[in-house]
Structures are given as C-alpha cells and as structure tokens.
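Everything below concerns the one structure shown next.
Atoms within a ligand are numbered from 1 in the order they appear, just like the ligands themselves. These values consider heavy atoms only, across backbone and side chains, with no hydrogens, waters or symmetry-generated copies.
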Amino acid sequence: MAEPIPNCHVVAMPYPGRGHINPMLNLCRLIHHYRPDILISFVVTEEWLGFLAPGSTPPSPNFSYRTIPNVIPSEIGRAKDFPGFFEATLTKMEAPVEQLLDRLQPSVIIYDTYLSWVVELGNRRNIPVASFYTMSATVFSIFHHFDHILQNHHLCSNFSGKRPSHSNGSAIEQLVNYIPGVPPIKFTDLPTPFHSKGHEVLPRALEAIKLTQKAQYLLFTSVYELESQVLESLRQKLHLIKIYSLGLAIPYNFNITHQNSKPDYIMKWLDAQPPCSVLYISQGSFLFVSNAQLDEIIAGVRASGVRFLWVSRGEADNRLQENGGSSSNNSGLVVPWCDQLKVLCHPSVGGFWSHCGWNLTKESAFSGLPMLTFPIFWDQVTNSKVIVEDWKIGLRVKKEDEGLVTRDEVARLVLRIMDSESEDGKERRRRAKEIREVCEVASAGGGSSKIDILAFIRDMFFMYV
Ligand SMILES: *[C@@H]1O[C@H](CO)[C@@H](O)[C@H](O)[C@H]1NC(C)=O
Ligand SMILES: *[C@@H]1O[C@H](CO)[C@@H](O)[C@H](O)[C@H]1NC(C)=O
Ligand SMILES: *[C@@H]1O[C@H](CO)[C@@H](O)[C@H](O)[C@H]1NC(C)=O
Ligand SMILES: *[C@@H]1O[C@H](CO)[C@@H](O)[C@H](O)[C@H]1NC(C)=O
Ligand SMILES: *[C@@H]1O[C@H](CO)[C@@H](O)[C@H](O)[C@H]1NC(C)=O
C-alpha cells in the first residue's frame, strides 16, 4: 500500500430514502474496504441515524456518521406528499450541511444526484464533487436527453419552450427510439415523471441531471456489461466528467454483519422446500396500489398453489393476514424482513415478484431468477421494460392502463413464471443464467466493477489501491 496521504476525507451526502441511502452506504464501505485510511463522513438526518443504527455500526473510527437536524418531513411525510418532500430536500438541507462542511473540511463530496444543490456548494468552495446516481444509466440518459424528447414531440412544452407541460396524446403511440444507447422504448415506459406519477417534480429532476455536468465525477451503480452502450454514449457526450460504473454496489465480496440476520427460520423454511419451487415476493411499499388490487394479488398468488415467501410490512401485511389463514391451499411464509440476496440465491427459490426498483433489479440479475414485474413509480417502469423486453427474463403483471389485474391473471402469471418445462419457461431461465454470468464476471476480481471503483479512488486521491 502506498503512503497514506493526509487530508483524504470523503463526505457522503445521500438523498434521504432507503433506496438511496443503502447504495451510498455500500459505496462508502467499499471505499473503506480498499483504503481504510481514507476518512469517511456519512451525513444523514437525525431521524435516519435512528433507522441506520441497528444494522450498521461504523466499521472503524475512520468511518463516521454525521447528522444534520430533522429539517425535512419524516419518512411518513415522504410517503404522503412526495413532491413536498422532494422540494424540502432541495431547499432545507443546504444550510445545515454547509455548517457541517465548515467543520469537516472534506477533500471530496460524494452526493446523491438528486440533491443537486451540493454541486454548486462544492464548486463555490472548490471541493471536487462526485455525483452518485442510484438508478440505471439508461434512466439517467433518458432524463439527460430531454431535449430529444421535446424535439420529437413526445412532450409539449409551454410558451418558454423549455418547460415540459404535458405529454402529447397523439405522439404517445410512437416509440422513443432516439435516445443514444437506449433500445427503442414506449413513451409510457419512460420514468413516470414524464407521463404520470411524479410529473410535478419533472423540472426539478431534469435540473438535477443537468447539474451533474458541473461535477467532476459521475458514478453509476450499473454493471458495465449490461449497459455498455448507454455508458459509452454518455462518456462521449459528457467528456469533461469522469464516469465510472461501480456494478452492483453490493457487498458481494466482503462481510457485512446484519444484526437483523437472526431470522434463521427463513433459511430453515427454504431448506425444507423443493428446488426452484418458491416464488419470492418483494413489492416494497404498496403506496400507490389500491386495496382492491392488493386483494386480487393475494388471492391470485394463493390460488396458483405455488409456494411463496413474501416480504411485507404495514398495510399489505394486515391484508395478507386477513385474507390468508384458513383458505390457504399452498404453503407460504410472510416475513417483515429478510436478507434478500441470500434468499434470492437459495436453491429453493425459483422466481421473483418485484417492484423493479434498481436495487432489486440488480440483485435479481445477480441471482439469475426469472421475474414478474409490478412497477409503480419513477424508474421502476423503465426497469420493468428492460427486464421483460431487453433481457427477456420476465413477464409483466402490471397493466399499462392502470386497470385492475384480476386474481385469475395473477395466478396464471405466477404459474407461468415458475414453470421450467415449457419452451418459453426454459428460454427465460437460460437468459436469466446468462445475465447472472455477466454480473458474476463484472463483480469478480479483475471485473469491470472492481476496476472502476479502484480507478475512482485513484483519480480522487492520486493514491494506489
Ligand atoms: C436493497 O433494498 C433492500 C430493501 O430495502 C435492502 O435490504 C438492501 O440492503 C438493498 N440493497 C442495496 C444494494 O442497496
Ligand atoms: C485511519 O486513517 C489513518 C490515516 O488517515 C490511518 O493512519 C489509520 O491507520 C486508519 N485507521 C484504521 C483503523 O484503519
Ligand atoms: C410554463 O411553465 C412554468 C414552469 O413550470 C410555469 O410556471 C408557467 O405557469 C407555465 N406557463 C403556462 C402558460 O403554462
Ligand atoms: C404532438 O405530436 C404530433 C405527432 O408527432 C405532432 O405533429 C404535434 O406537433 C405534437 N404537438 C405538440 C403540441 O407538440
Ligand atoms: C464472512 O464471515 C464468516 C463468519 O465470520 C467467515 O466464515 C467467512 O469466511 C467470511 N467471508 C469472507 C468473504 O470474508
């Protein structure tokens, strides 16, 4: 190892949401793993420190959590009023973070791309910034090429000619086939802010993507081989910024101790099931899903007769309990939490029902399982399209027109995804294995993900790893 260089201090500024904090935490742990002499300050609100504490004690004195006051609405506020919450992350966090920076004097800031004010803060203070994008490079590129979407009339703009106002009904049928590196995609498969949920924040999201051009580094949590064309086209276009693809950003190569990993009964239960027989269901929050739809899903899964392991909290959990019990003709386990990657890699698990968050999408690619997709928000619909149409390892459950998916359809799809005998089922499993191999190669010793993380550390600090 080279001589430690004084003043290597990274401040990490995640966006306050689980799907953002986890990958940022994993990135910091990776940096720490390779260079324990780099100081890392991980900044969260006091509320979030409470959520993190049980499973994530800092691995060393050089890795510490720093807090800012709870200046933004709570997690519950986030669920109730997403635009208000997003706006608060853009307006309320800067002042306390600036005070913290006065004390910390970092040499680099890694920030979540959506906290766009950090770039200008870093530029003002001459601190290099790395923009960390927790969604796919494909989704980044779609936002980045917003001008193409306007030029092709998929969105109407208002008088200023710059601001999107609403999607263009008559152009909706035409494929979006003009985003460099992105295979043709239906307009309704673009991230939801372009056409439905979250449209209020589209201008803000576009601005965040635009501001990355003022950062020095851009970090993707993509597996290079899975998105090489998009990544290469972005490299050409954004040639002033250094771009890295850090792969799964999951700790596949070293140990993270989860205090919560006690529920061993899950592994015991899985051990007792036949190979490839269990459908793993992780829908996350059912925030935008009606109770009627939820009841159809529960009834459909039960009617299929397929064994299932369902991770569920809150509302969905109550309805599962109510609708479950006596009528069950198949065995299922409902759990509040599990070690997802361990479950996905268990030989008894043969299929995966997912909301298609990027984090889940990568974990499932890594596990080589065929998937049922039920995307709801933001990039999930785009990830679902990639899974179903580009990777060809999944089937869509969710209807495009938001109509109710009936229990019969759910049961039919569950049986189809678990099937490994039909041509169609065999082909999906073969493809899923291929995708897994790509991920394995990328994550292995000399693979693209490791090369890029080491390059990023080297470029940041001119130090060898
Ligand atoms: C993915 O999300 C799950 C559920 O929130 C979490 O347990 C897991 O740690 C996440 N993985 C990554 C790589 O962020
Ligand atoms: C913490 O970092 C310093 C240099 O910044 C290094 O000398 C020390 O060994 C590190 N401590 C650990 C536990 O790695
Ligand atoms: C144009 O867009 C801006 C920003 O979204 C908005 O404030 C303004 O009211 C819009 N004008 C019209 C005519 O829709
Ligand atoms: C809507 O799309 C059609 C067909 O692509 C196009 O001719 C028309 O100009 C678009 N309208 C607006 C307001 O962009
Ligand atoms: C992870 O920890 C377990 C138990 O402490 C140990 O047996 C195993 O070798 C570790 N794996 C790695 C990759 O360090």
Could you tell me whether the side chains of Tyr178 and His154 share a donor-acceptor contact shorter than 3.5 Å?
yes
Verify side chain to side chain contact (heavy atoms under 4.5 Å, CB included) between His9 and Ser41, making sure each step is shown before the conclusion.
CA-CA 8 Å; His9 184 178; Ser41 297; 2.7 Å; yes
Using heavy-atom distances, let me know which of Leu39, Ile38, Asn62 sits nearest atom 12 (C) of ligand 2.
Asn62
Starting from atom 1 (C) of ligand 4, which protein heavy atom do you reach first, and at what distance in Å?
Asn168 ND2, 1.5 Å
To which protein heavy atom is atom 9 (O) of ligand 4 closest, and what is the distance rounded to 0.1 Å?
His153 ND1, 4.0 Å
Shortest protein contact, atom 13 (C) of ligand 4 (heavy atom only)
Cys156 SG, 3.6 Å
Rounded to the nearest 0.5 angstrom, the OG-CG distance for Ser222 and Leu246 is 9.0 Å
Kindly indicate whether the side chain of Phe352, heavy atoms from C-beta on, has any atom under 4.5 Å from the side chain of Ser282.
yes
Where do Lys237 and Asp147 land on the salt bridge (Lys or Arg N to Asp or Glu O under 4.0 Å) test, with the steps shown first?
CA-CA 14 Å; Lys237 223 179 143 191; Asp147 54 335; 5.1 Å; no
Going by a strict under-4.0 Å cutoff (protein heavy atoms only), does atom 7 (O) of ligand 4 have a neighbour on the protein?
no
